[in-house]
Structures are given as C-alpha cells and as structure tokens.
Protein chains: 2
Amino acid sequence: MADVAREAGVSVATAGRALGDYGRVGDDLRDRVKAAADRLGYSPNVVARSMRSGGTHSIGFVGADISNPFFATALRGVCDVAREHGYEAILTNSDDRLDVERAAVQVLLDKQVEGIVVAPTSVTDVDHLKRAQEVGVPIVLLDRSSSALDADSVVIDNEMAAHDAVTYLLNLGHRRIGMLACVDVEESPEVVARAGTGRLQARGAARPSIDRIRGYLAAMDDYLAPSSADLVRCTGLGSPAQAEREADALLALAQPPTAVFAADNVATQGVFRAARRRGLAIPGDLSMVGFDDLDWTTLVDPPLTVVAQPPLDMGRTAAEQLFARIKGEDRPGERIVLPTELIVRSSAAGHGAQKRSA
Amino acid sequence: MADVAREAGVSVATAGRALGDYGRVGDDLRDRVKAAADRLGYSPNVVARSMRSGGTHSIGFVGADISNPFFATALRGVCDVAREHGYEAILTNSDDRLDVERAAVQVLLDKQVEGIVVAPTSVTDVDHLKRAQEVGVPIVLLDRSSSALDADSVVIDNEMAAHDAVTYLLNLGHRRIGMLACVDVEESPEVVARAGTGRLQARGAARPSIDRIRGYLAAMDDYLAPSSADLVRCTGLGSPAQAEREADALLALAQPPTAVFAADNVATQGVFRAARRRGLAIPGDLSMVGFDDLDWTTLVDPPLTVVAQPPLDMGRTAAEQLFARIKGEDRPGERIVLPTELIVRSSAAGHGAQKRSA
DNA sequence: TTGTACGCGTTATCAT
DNA sequence: ATGATAACGCGTACAA
C-alpha cells in the first residue's frame, strides 16, 4: 500500500482513503490512486483491516448437522443474504451437543464474527449465547426461541402446526392416533397424566418436538380422544434406523393406532418404512401425516400429506434480522413466526363412520 | 494482554509465550500467566495473531449449491476434518456460475484462508484457482478434476460408473436405452457421429455428466446396441421440473427406450416422475438405473437400482489432502478416485429373450 | 529463561 | 482535502 501511494504520488493516508472508501478524497486523486493500485495488482489486506476496524465481514452459523436437508436449506438462505451484504458465513456443526455448541460459539467469537445465527441445542442453557451478546455480537435463534435470551428468533408455530395436523386426522374420524418424534436422547420428554384432570401433558424443556407433542395432546383433548403415553414415542436424533424401530413398536401395540402423526422428517421416514414392512397399506390400514415437505414425500406411493415449513425463508429471515442488528438497530428481541402449511395429499383417509370419542 | 502480563507480574513477551505456546517459558511462570488470564477472562485476539503469523485457521469451500444433498454431505465431511485440525470452513455457493465462483475465490483469498476445497464450475477455465496456488493457497478439486491445474482432486470414475450401470441394463437384455443428465445450460454437450465409424461420441469440456455420457456410449458400443442422439438428453441444472419434462420427451419418442439411465439425482427424480405420470410400470414397462444413493430411492416403489457415490468420504478425503498441503507437503497433484457401487434393487428387469444387437 | 522493542498493514486522529 | 503519525494486538529478533 505504501507502494501504491508512492506510485500515485500521494500519502498512504490518502491512498487508504481512496481504496477503502472512507474519509474525503478528491475525485482526481481517487482515480489516480485506483489506477496505481490496478497497475500494481494491489489488493488490500483484509486481516489488517479487520484488526484495525474490528469488522471482519463474517458471520457464524451453527446448526446440528448440515447434511440434514432442513439445515442445509436454511444455511443456503443465510449465505444468500450474507452475500448480499458483502459478508461470508463460517459454518459449524453442533451435532445437537451442548458442549460442542459452546466450543463452536467460542471459536466464532474468537474469529470475531459480527453476528451468529444459531439453531440452539438447548433453550435454557444459553450462557454462551448471552456472553456473545455481551461482547457485542448479536445472536439470532433459528428453529427454536428462548425466553432465557433477549434475542430475535425465527420459528414456526410448532404447537399449532401439530394441532392442525392432528385435528385433520381427528376430523377424518380417527381417534386412536399415534405420534413419533425425534428428540435429544439426553432430555427425552416425559408424557405424564396431570393431577386432577388426568389429562396428559408433556414435560421437558421447550423444543420444537415438545411443542409438537403439546399440539398433539391439545388436539386430542379437543376431541375427547383417549390418548395414552404409549401412543407418543420418541427416538434419538439423526438415526433413521432407530426411528423405524420405534415406529414399528408403535404399530405393534395391542391396540395399534389407526393413524400416526410423524413430527419431523426422519420420523416421517420411519413411520413410512415401518408401515411398509408390516405390509400396512397407506392410507387403507394406516393414515399418516408427516413433517417437512421434502421432495421424496411426493415421490412415494401414496404421496404424503405433510406439514410444510419454509426452511429457506427461515434462513433468509434469520440473516436479515441479524444484519439489522449488525447495522446497529437496537430493540428488544423479536419472535418471528413464519407460517406453516398442511399440504393435503393422499396418505390419510377417513376412518369409521364418524366414530365418537371413547 | 498487557493487563494479563501486569496481573501476572511478567512482561508481555512472557505472557504471550505462555498463552501462545511458543518459545521457552518456565513452568511456574506459565501457570501464573494462565491463571491471570483466566482471572481476567482474557482470550487472545485471533485476528491480530493472524495478521502477524499469516495463518487464519480457516479454509474455504465453494460448491454449486449447499442445499443439494451431495454438496451438503460433502461439506459435512470437510467440516469434520477441518475441526479435527482446529480449522473452520467458510462457505460459498457458486450456483455453477463461473463469474460467481471467481468472485468467491477472490473473497476467500482476501480473507486469507489457508486452503480451498472447490467443486469447480469449469475444468478448463481455472486461472483464478491457479492464482490461488501462486499466492500459496492450496486447492483441492472435488467432484471434478482438471488437467489444466496441478492440484489434488477427489472424484469418482464417472465413465466407469456409467459404463457399469448401462452394461447392467444391457445384460438384462435391453438394447434401446435412454439416458438423461443435468448439465450447465451454457455448455450443453453435443452428441455427434464420429466420421468414419459413424459411432456416437460426446463433445464438450470434461465434466462428470460428459464422462457419464461417454461411459454410456462405450457400453452401448460394446454390445453393438444402436444408439442415437435422440436417446441422450440433457437438461439444465437444479431444475427438477425441467428434468421431468425432458424425461417425458424421452419416453414420448416414436420408438421409446425400454430402459433409462439417469445420470444424477435430479435426473433420477425426473425419470421416475415422468414414468409414473405416463402410467409406465417400473420395471414392467420401463427399467431404470439412477444415480446417488439418496434415502428416497429406497422409499419409493419399487426401490431404485442406483449408482452410489460416497459424498461424505469425498468431502473428508478432499479436506485431508488439503491439510496435507497446508502442513507443507509438496508433490504433484494427485487424482484420487473413490469407488462407486452399483446397488441393485428392483427398478430394472430383464427384457426380451436375450435379444441380440440390431 | 526472561525482557525490550520493532514490525505486520491498515485505519483513525490530528494537524495543516 | 491532504499529509504525518499513532495505534490496533500479537509474534519475534535480539539483548540481557
């Protein structure tokens, strides 16, 4: 850069201003400097610039697993928005493990990212995220929101989405409806009877899967459909094989469900596979509603009725919120709820003749 | 850091040595410094360190589209290996556009990544990659290799994979076999008759799709099966709808193929959809072999016979090669070809009674 | 082994 | 509007 200044016959300060687009520079000199820079094939040292100015033009993304289509698509949205702002994204996988997430956030802070989009493992244990905010790095939560953290979050209404899906099955006449969800093995939710009413409730830290269970239970209650803890099963994350086993156990019940709500895309796969292996016709022998509008749900026979969420938009929106903060906007954390849609296809059919409650 | 030094009662140099694990420091002092750092909640400024040492502990990844399962999975492998080495990955999408890729590489260089894994758009136009090498940033090619660039590459044997798949169909008795591939619209390959022999050949820059077409043509030649340009169709990248239309056109031929080889995962989807929409039973009316062992290929009816490539391993291997270079290993570029596997399931059946050539 | 002092390439501050 | 110079936070000769 000193070379450029010399070549252009100006001071390094002026050269810096001309190339960095800051301060005031005369138009004639600016051109001369830029020409000199071109001639010398000079490009600025971004690291030095970052050190001096504090801005790295990088943001962080931390998700459970990029190879999961939900995260992959959300990340795409984040990257697109980042690029529009002249930023790049640094990627980290947490595998849904809190310690890994903590370390990842620390690394991102060390690299001085200007903001982080995170799909948090825990919604209660958020000290590491708070620390980030304290050092001036804004956080946007994706897929989950936390009352323990004053940050923007971009989510769907999990409870309502599940409620709608299950209500759809109830309206079809189903009363014995199962549910399968994938959750962190460490903190599998309990489904227990509430004292007094005897109605079921789900206990556990707020997470999409828990909220979806709540939506399921609420819908069942609405219709006075008898539910039992047997009917809602959970399985570990990211293990399709285990999901299939758990789905199979559900279908093997003495009184098997006539319909199942699968609360995420791997559960959906598990239920579909288990039904097929048991020779159960869908929707003849078993109705089902799945989660996530992935390509394959319309490739199989029958095409699946699913709850669709908008992962690309969720990623984009999260990034947009983040950049608003990065640009200095300061307001209380906002919870942005993006719409879901129940896409009715052919995997659920009517059951019985308007069968009434128990 | 000056604070830490003061707190520990040592010089900044000693504090730096103790925290940075370089130089010689007395064990007692080292502990005292680390304690002081902990007490003050000090963490080193990575940016300043990068500026001084030149190492950013970052690598770049550039792929066409992260939301594509192939890239998403490969990226996962890259990230895993990177973390094992204490590095993070900066992500960029090229959308298979050369100009975007060029800009992305430039940004990565500006950010001083220590290496780049790239699934290049073009295999001939590689000046930007060469420039990276010249400034000391090693490049590893993923999914494609280039004779114009002396770099490691991690690929599969596209020609052989296609050859095997098509041979499998030929052995089943098929002779009229179609092929569908997704390629960059800008440089769609030509399938033309070679002067003299009249046999078909594919013309165009080396890319996986072209090599797969070559494999297809070679296999057809082996069996003296009559091929024609009509039978091999190409469609734009990343457009499932267009892939389906093109597949439909293939099946609508006056003399339709009895079997189709789909050369990538979106083509596979296209062929499957087109067959279903035309009411063609698989494999009864149409046999097919697809590409990429995605979950859904075993969810559909019938489960699909496919050519499987190992995207996770490809990503891991690419990153490992990259780190070997980063650590200083210097040798000519190596072309690593990972094995593919023809996974036989139920989408292809025998045709005719050992029907002979034309 | 420990301390001093300089340099990395910018941007920010101040004076002109 | 331009120029001289300090400062960012760390690594590393060199001296002690």
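Residue numbers start from 1 in every chain, and the chains themselves are labelled A, B, ... in the order their sequence lines are given, proteins ahead of strands.
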Nearest-angstrom distance from the residue atom [atom1] of [X] to [atom2] of [N]:
| X | N | atom1 | atom2 | answer |
| --- | --- | --- | --- | --- |
| B/Tyr22 | D/dC10 | OH | P | 9 Å |
| A/Asp31 | D/dA1 | CG | P | 15 Å |
| A/Arg30 | D/dA1 | CZ | C1' | 11 Å |
| B/Met1 | C/dG3 | CE | C1' | 12 Å |
| A/Arg6 | D/dT2 | CZ | P | 20 Å |
| A/Asp21 | C/dT10 | CG | C1' | 15 Å |
| B/Asp3 | D/dC8 | CG | P | 11 Å |
| A/Asp110 | D/dG9 | CG | C1' | 14 Å |

Seminar exercise, completed: From the list A/Val78, A/Val137, A/Val140, side-chain contact (heavy atoms from CB on, under 4.5 Å) partner of A/Ile59 resolves to A/Val78

Under 4.0 Å, counting only non-hydrogen atoms across every strand here, what does [X] touch: a base, just sugar-phosphate, or nothing?
| X | result |
| --- | --- |
| B/Val12 | nothing |
| A/Met51 | base |
| B/Val25 | sugar-phosphate |
| A/Arg49 | sugar-phosphate |
| A/Val10 | sugar-phosphate |

When you compare the protein's N or O atoms with those of nucleotides 13-16 of chain C, which come within less than 3.5 Å of each other, and at what distance?
none

For this session: Evaluate the criterion side chain to side chain donor-acceptor pair (under 3.5 Å) for residue pair A/Lys111 and A/Ser58; output intermediate values, then yes/no.
Result: CA-CA 9 Å; A/Lys111 297 219 169 192; A/Ser58 297; over 6 Å; no

Problem set entry | Pairing of A/Asp152 and A/Arg331 as salt bridge, 4.0 angstrom limit | yes

Problem set entry | B/Ala48 or B/Ser11, whichever maps to the more 5' nucleotide of DNA chain C | B/Ser11

Problem set entry | Rounded distance (nearest 0.5 Å) linking atom CG of B/Leu129 with atom CG of B/Asp150 | 12.5 Å

Exercise. Measuring from A/Arg30:CZ to A/Arg24:CZ, what's the distance to the nearest 0.5 Å?
Worked result: 8.5 Å

For this session: Check whether any side-chain N or O of A/Thr14 sits under 4.0 Å from OP1 or OP2 of D/dG3, and answer yes or no.
Result: yes

Problem set entry | Heavy atoms from other residues, nucleotides or ligands near CZ of A/Arg83 exceed 12 (cutoff 6.0 Å) | yes

For this session: Give a yes or no on whether the backbone of B/Arg97 and the side-chain of B/Asp95 come within a donor-acceptor separation of less than 3.5 Å.
Result: no

